[in-house]
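One structure is given here, and the rest of the page talks about it.
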Amino acid sequence: MYRLITFILLCANICIADIFAATVKECEVDSMYNDTLIVGKKVICGQKIYPQRDDVITACLAHEKRLYLVGKLKDTLLVITDDPALFSNDAFCDVNFKHFKSPYYKCIKKKQGKTRYVHVVNETDTLIFKKNDSKSSYSLQRGISKGLSISCTFTDLPDHVSLLEEFFSQPFKIDSDKISHVIIRPLKNDERIWYSKYDIPMNSSKSLFHEIVLDKDQNEIIDINPYITTFK
C-alpha cells in the first residue's frame, strides 16, 4: 500500500499536468465573455464562476474572502485563493514529532543531505513532512489523503465542491457531480489580481505547497468522501 501511494505521489505532477493541458485551450485575447477566463497573462476557454461582476464592492469582497477567481474548464474547477487555512495552516507548518507517534499509522524517518523528513503513512494518507530550520517541529511538504481528516494533524479541509462553497460562503452554482478535478492554488509571482485597478493592495501570504488538487475517486464503490486530496 505504501509503495503504491508513493508511486501515485511521484506520478501526480505528470497526471495533473496532462489533465490540465488537455482541458485548457487558449482563446483570442479580445474574446472577453463568460466563456473565457483571465489567469495571469493568459486568456483561456472556460466558464467564469466567480466573480460575476467587476466593481469595487465585489473587489472588496474578493479581497476579504481571499477568493480571487473560480472557473470551470470542462470537468475541472480552478480555484485561485491564498487562504492561510488552506496553504499555511498552523496544523501543517508547526507539527511536533510526538504527533507522529500513534498506533494508527507508521512513521518513517528519512534524511536527504542535511534535511530531515518524516513520512507518515496509514490506510488513507501518505504525508511527507520536512523538519523546520532551527526548530524541532515539521511542516507538511506534499502528500496524498483519502481520509475525512488529515492524519496526525486531525485537521479537516474542504475536500469536495460543496465544502469549498461553505468554506468561502460563496455558492458556485454548478453541478458538482460533473466535476472530476479541482485545482486550488494561490497566485503565482507573475500574476496580478484583477481588482488591482481599484487600488486595493494584494494580501500578504505564504504557501507550504504550490497546489492542492482534488481528484474524484474512480473506484466503483464511492464512500462518503468521493475525492482524493493531493498536496503538491
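One-based numbering along the sequence shown. Note that the structure is predicted; figures quoted are calculated from it, not measured.
- To the nearest 0.5 Å, the span separating CD1 on I174 from OG on S162 amounts to 10.5 Å.
- Note that the CD atom of Q47 and the NZ atom of K173 stand 11.5 Å from one another [nearest 0.5 Å].
- H63 contributes atom NE2, which lies 7.0 Å from atom OH of Y68 (distance to the nearest 0.5 angstrom).
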Worksheet entry | CA sep, side-chain torsions, deciding dist, call: F87, I184, side chain to side chain contact (heavy atoms under 4.5 Å, CB included) | CA-CA 10 Å; F87 288 96; I184 309 168; 4.0 Å; yes
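- In this structure the side chain of R185 reaches within 4.5 angstrom of the side chain of I80, judged on heavy atoms.
- At least one side-chain heavy atom of D75 sits under 4.5 Å from a side-chain heavy atom of H181.
- Put simply, the residue from I183, T230, T229, T81 that forms a side-chain contact (heavy atoms from CB on, under 4.5 Å) with I212 is T229.
- Note that CD1 of I128 and CZ of R142 are 4.0 Å apart. Values are rounded to the nearest 0.5 Å.
- Here N203 contributes atom CG and E64 contributes atom CD; the two are 10.0 Å apart, rounded to the nearest 0.5 Å.
- With contacts defined as side-chain heavy-atom distances shorter than 4.5 Å, the pair D83/F167 qualifies.
- Aromatic ring pairs are classed by plane angle as parallel below 30°, tilted from 30° to 60° and perpendicular above 60°; the pair H160 and Y227 is parallel.
- Residues H210 and P186 share a closest heavy-atom pair of O-CD, 3.4 Å.
- When all heavy atoms of L164 and F172 are compared, the pair lying nearest together is CB-CE1, 4.1 Å.
- Rounded to the nearest 0.5 angstrom, K131 NZ and Y117 OH are separated by 13.0 Å.
- Shortest non-hydrogen contact noted between K72 and I49 is N-CG1, 4.0 Å.
- Pairing each heavy atom of R116 with each of K111, the nearest pair is NH2-NZ, 3.7 Å.
- Between L187 and D82, every side-chain heavy-atom pair lies at or beyond the 4.5 Å cut-off.
- F168 places none of its side-chain heavy atoms less than 4.5 Å from the side chain of Y50.
- Hydrophobic cluster membership differs between L163 and L86, with clusters built from Ile, Leu, Val, Met, Phe, Trp and Tyr side chains linked at under 4.5 angstrom.
- Closest approach of N132 and S139 over heavy atoms only: OD1-OG, 2.7 Å.
- The two atoms that bring D54 and Y198 nearest to each other are OD1-OH, 2.8 Å, heavy atoms only.
- Using a 4.5 Å heavy-atom cutoff, the side chains of D125 and V120 are not in contact.
- T58 is not listed as a side-chain neighbour of L61, based on a closest heavy-atom distance of 4.5 Å or more.
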